Asks: 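To start, I am sharing the structure in question, which I have written as structure tokens.
Model, not experiment: these values are computed from the prediction. Naming: A, B, ... by sequence-line order, numbering from 1 per chain.
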Amino acid sequence: MIASVIVDVPAKQIDRTFDYQVPENLQSVVQRGIRVVVPFGPRKIQGFILGIKEESSVKKLKLIEEVVDIEPVLNEELMSLSEWLTEQTLCYRISALQVMLPAAMKAKYNKFFHLLEDVDIPSHIRELFQKESPLTWKTADEQHALKDLQELIKQRKVEVKYVVRQSGNVKKKRFVEINGQLTVDDIPANAKKQKLIMEHLNRHDGKMSVAELKEAAGTTSAVIKTMIDNGYLKEFFSEQYRDPFAERTFEKTEHFTLTPDQKNAITPILEKVNQYEQQTFLLHGVTGSGKTEIYLQTIDQVLKQNRQAIMLVPEISLTPQMVQRFKGRFGNQVAVMHSGLSVGEKYDEWRKIHRGEVNVVVGARSAIFAPFKKLGVIIIDEEHETSYKQEDSPRYHARDVAIERSNRHGCPVILGSATPSLESFARAKKGNYQLLELEYRMNQQDLPEVRVIDMREELREGNRSMFSRDLLTEIEKRIEKKEQVVLFLNRRGYSSFIMCRDCGTVMQCPHCEVSLTYHRSKESMKCHYCGHEEYVPNTCPECESEHIRYFGTGTQKVEEELFKLMPHVKTIRMDVDTTSKKGSHEKLLDVFGRGEADILLGTQMIAKGLDFPNITLVGVLSADTMLHLPDFRASEKTFQLLTQVSGRAGRHEKPGEVIIQTYTPEHFSIELAKSQNYEWFYQKEMMMRKAAQYPPFYYLSLITLSHENVNKAAGVCNEIADILKSRLSDQSIILGPVASPIARIQDKYRYQCIIKYKREPELKNLLKKILDQYSDTGKDAVTIHIDVQPYIMM
DNA sequence: AGCACGCCGACT
DNA sequence: GTCGGCGTGCTC
């Protein structure tokens, strides 16, 4: 019996199967989809079995070392999906397999030195082995003993052993139970604590977790240990799930009655669910139109049919409120997967899905690979969000994976958004997707009134602060009325940088072509691309002037300004700095929700999902900061964000108001966000895209080359552009080679080439060939990246 | 990606 | 003359 294995090495030359002989004792367990440990060259690594066969063209086969799983971790559907993913995104097969599993299941590798012969070895090496045996690579390296060890290996006195370790650990909890042979009466009369422990245990069917028992009986583990040693108790371990929501109870919620609007939308969806048919729906509904209830009732129907549901939400909006709604409706049938969980917690949630203990998963992008066997619906909320596109290999878009999986399962996909991506809306208009419109807000309230403030006007009239007079007045009014305010700072692409006021020098990263970001807490400057950090200099490195200051409006700066203007107001600031600790995001929102602060000030992360009745004013401090980024989606993103943010105000009885500050009030994405007119925005933006030959009229592919030498990167990029030009049709447009928007990262210069095309059936094969030809791993080789349908052009 | 093998410069 | 630099090629 021979197994074809894809090994855990993401490299061009290794991206194929290797055959291994299956030892007699493993033949009954070995099958497609399980992981194994195999010898590979001098080391041992993990791999996935792709298939079983009886013969191989390779003469000398090695034996599989061991199996990691007893049953497949990836079922047949996911195994074949990985093939599709490899093909679509031009990634290595191993990366496609790996991305479907939680991070905890990625293998870790260790090297150990074993002493074979204790005679005639240097004394310092012997000492090392006396302290630690087997000796780890790490210690050997720290003690600078690697060289000597290498010599000893040659002399066959020391041997290297490679160990494959599974990082994902099943959490075990320690329990004790009454042994049975001895009873309370056998306990010595003076051992009061022991008797007490027995009493507690008897009240709990004779067994309890050690932690609980200690707590209940008020003793220490010493007493319990004595009882185990004396045979009164025996210990055992039980597998536990780490439950990130353990301390929370979820109130059971029931169906809402749907409005006629909602009924119209859900009917065609349920039809497809009942017919077990694929169909992609685009559910377009303004904020507050009740999309979530449609999701919930669809999932409910799916569960009744004994099928399962995947619900994707953007990472950033996977708030406790959201989880609450799903757990409240479906109880413990729900698994939650998002980046806020620890690696172990994610692993546990994944195992619940794999074992079929839950039927719904609510999660971010990677939850699209949830190992369900019978999918009844896949829902992608806020489908326009760019976080559904993975930016590193495999560069997949969750929407594409969703549609592919739905085809295999025969189930509908629902894409929901108040501001659909142009691509999706265009597909819906063409009839590729079925468009479902929710036109009314559920409780009939009006959309909040939106006021646009021209900041140029403010400047002309002498107001140099970041707050317009109107905004300040309105904030004051709300605070008097004890209502709450949300201030939104769009910081993307424009964070605080440090500049010399005399010569204009901006502090830049020495390794990347980007300016450093000021971090007030440490008085330092940091590079967001390579992590380089240094202290803010006292004098300008160029002109030695002392007039160095930071520019840009970071949230910290806004907070300070706000405090200067209104010292009596309590502000909560939410940004990466204040929410990096686990659970802090939730905590801050809780405080705000309880009304303990007047203003919530934040970035991106507060744009979504907040739903507090007392918010009656939303202020956008600078609407146009990302409008001028070199990104053809800049207008779309601005419109989406402003619409999104505006939706935070007046969601309940009290009417809401939105104030948008901008330097370009005449820009159509700001004008139309004011009236929340998606349809007009769509028409207008489509015209722009058509004129500029961008998606959805053209597809894109992006090729990036990077190398320490500018000329080399540019040269290879040029060669590739030439190949493309000669091999593609005249209909296609090749932009470049040009330097990437970020021209250098980690000392490597970056050149790129963009392909715009409508129909190019041979493009994938051509790109594969180019990848093949240019992905050398040698020392002086250029690094090539290909992103089919990129979202970020950097 | 690792790791071994193998061919040319500065040292005991 | 050797030690060791890292270029080249292989991993079932």
Asks: Treating A:Tyr749 as the side-chain partner and A:Asn711 as the backbone partner, does any N or O pair qualify as donor plus acceptor under 3.5 Å?
Replies: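 Between the backbone of A:Asn711 and the side chain of A:Tyr749 there is no qualifying donor-acceptor contact (under 3.5 Å).
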
Asks: Mind checking A:Gln13 for me? I need base, sugar-phosphate or nothing, with any heavy atom below 4.0 Å counting as a touch.
Replies: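 The answer is base, as A:Gln13 lies within the cut-off (heavy atoms under 4.0 Å) of a base atom.
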
Asks: May I have the distance from A:Asp8 (atom CG) to B:dA1 (atom P), rounded to whole angstrom?
Replies: 13 Å

Asks: Round to a whole Å and report the spacing from OH of A:Tyr109 to C1' of C:dT11.
Replies: 14 Å

Asks: Roughly how many Å is it from CG in A:Asp15 to P in C:dC12, rounded to a whole number?
Replies: 17 Å

Asks: Would you call A:Glu77-A:Lys373 a salt bridge at under 4.0 Å N-O?
Replies: no

Asks: Give the rounded distance in Å between these two atoms: NZ of A:Lys12 and P of C:dT11.
Replies: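 Computing the A:Lys12:NZ to C:dT11:P distance gives 16 Å.
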
Asks: May I have the distance from A:Ile6 (atom CD1) to C:dC12 (atom P), rounded to whole angstrom?
Replies: 14 Å

Asks: Under 30°, 30 to 60°, or over 60°: which ring-plane class applies to A:His397 and A:Tyr791, parallel, tilted or perpendicular?
Replies: tilted

Asks: Please give, in whole Å, the distance from C:dT11 P to A:Lys60 NZ?
Replies: 12 Å

Asks: Could you check how far CG of A:Leu63 sits from C1' of C:dC12, rounded to whole Å?
Replies: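 Computing the A:Leu63:CG to C:dC12:C1' distance gives 11 Å.
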
Asks: Taking only Lys NZ, Arg NE, NH1 and NH2, and the carboxylate oxygens of Asp or Glu, determine whether A:Arg399 and A:Glu383 approach each other closer than 4.0 Å.
Replies: yes

Asks: Considering only nitrogen or oxygen atoms on both sides, find all protein atoms under 3.5 Å from nucleotides 3-7 of chain B and state each distance.
Replies:
| from | atom 1 | to | atom 2 | distance (Å) |
| --- | --- | --- | --- | --- |
| B:dC3 | OP1 | A:Lys111 | NZ | 3.2 |
| B:dC3 | OP2 | A:Lys111 | NZ | 3.4 |

Asks: Touch check for A:Ile14, heavy atoms < 4.0 angstrom, all strands: base, sugar-phosphate only, or nothing?
Replies: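 The answer is base, as A:Ile14 lies within the cut-off (heavy atoms under 4.0 Å) of a base atom.
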
Asks: Classify A:Tyr20 by what it touches in the nucleic acid, base, sugar-phosphate, or nothing, heavy-atom distance under 4.0 Å.
Replies: sugar-phosphate

Asks: Before you tell me yes or no, could you show the steps for A:Val68 and A:Gln46 under side-chain contact (heavy atoms from CB on, under 4.5 Å), namely the whole-Å CA-CA distance, both residues' side-chain angles and the distance that decides it to 0.1 Å?
Replies: CA-CA 8 Å; A:Val68 181; A:Gln46 197 174 82; 3.8 Å; yes

Asks: Tell me, please, which residues at least two apart from A:Phe129 pass ring-ring contact (aromatic ring centres under 6.0 Å, His included).
Replies: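 ring-ring contact (aromatic ring centres under 6.0 Å, His included) check on A:Phe129 returns nothing, list empty.
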
Asks: Does any donor atom in the side chain of A:Asp8 or A:Gln98 lie under 3.5 Å from an acceptor atom in the other side chain?
Replies: yes

Asks: Let me know the distance between CZ of A:Phe40 and P of B:dG2, rounded to the nearest Å.
Replies: 11 Å

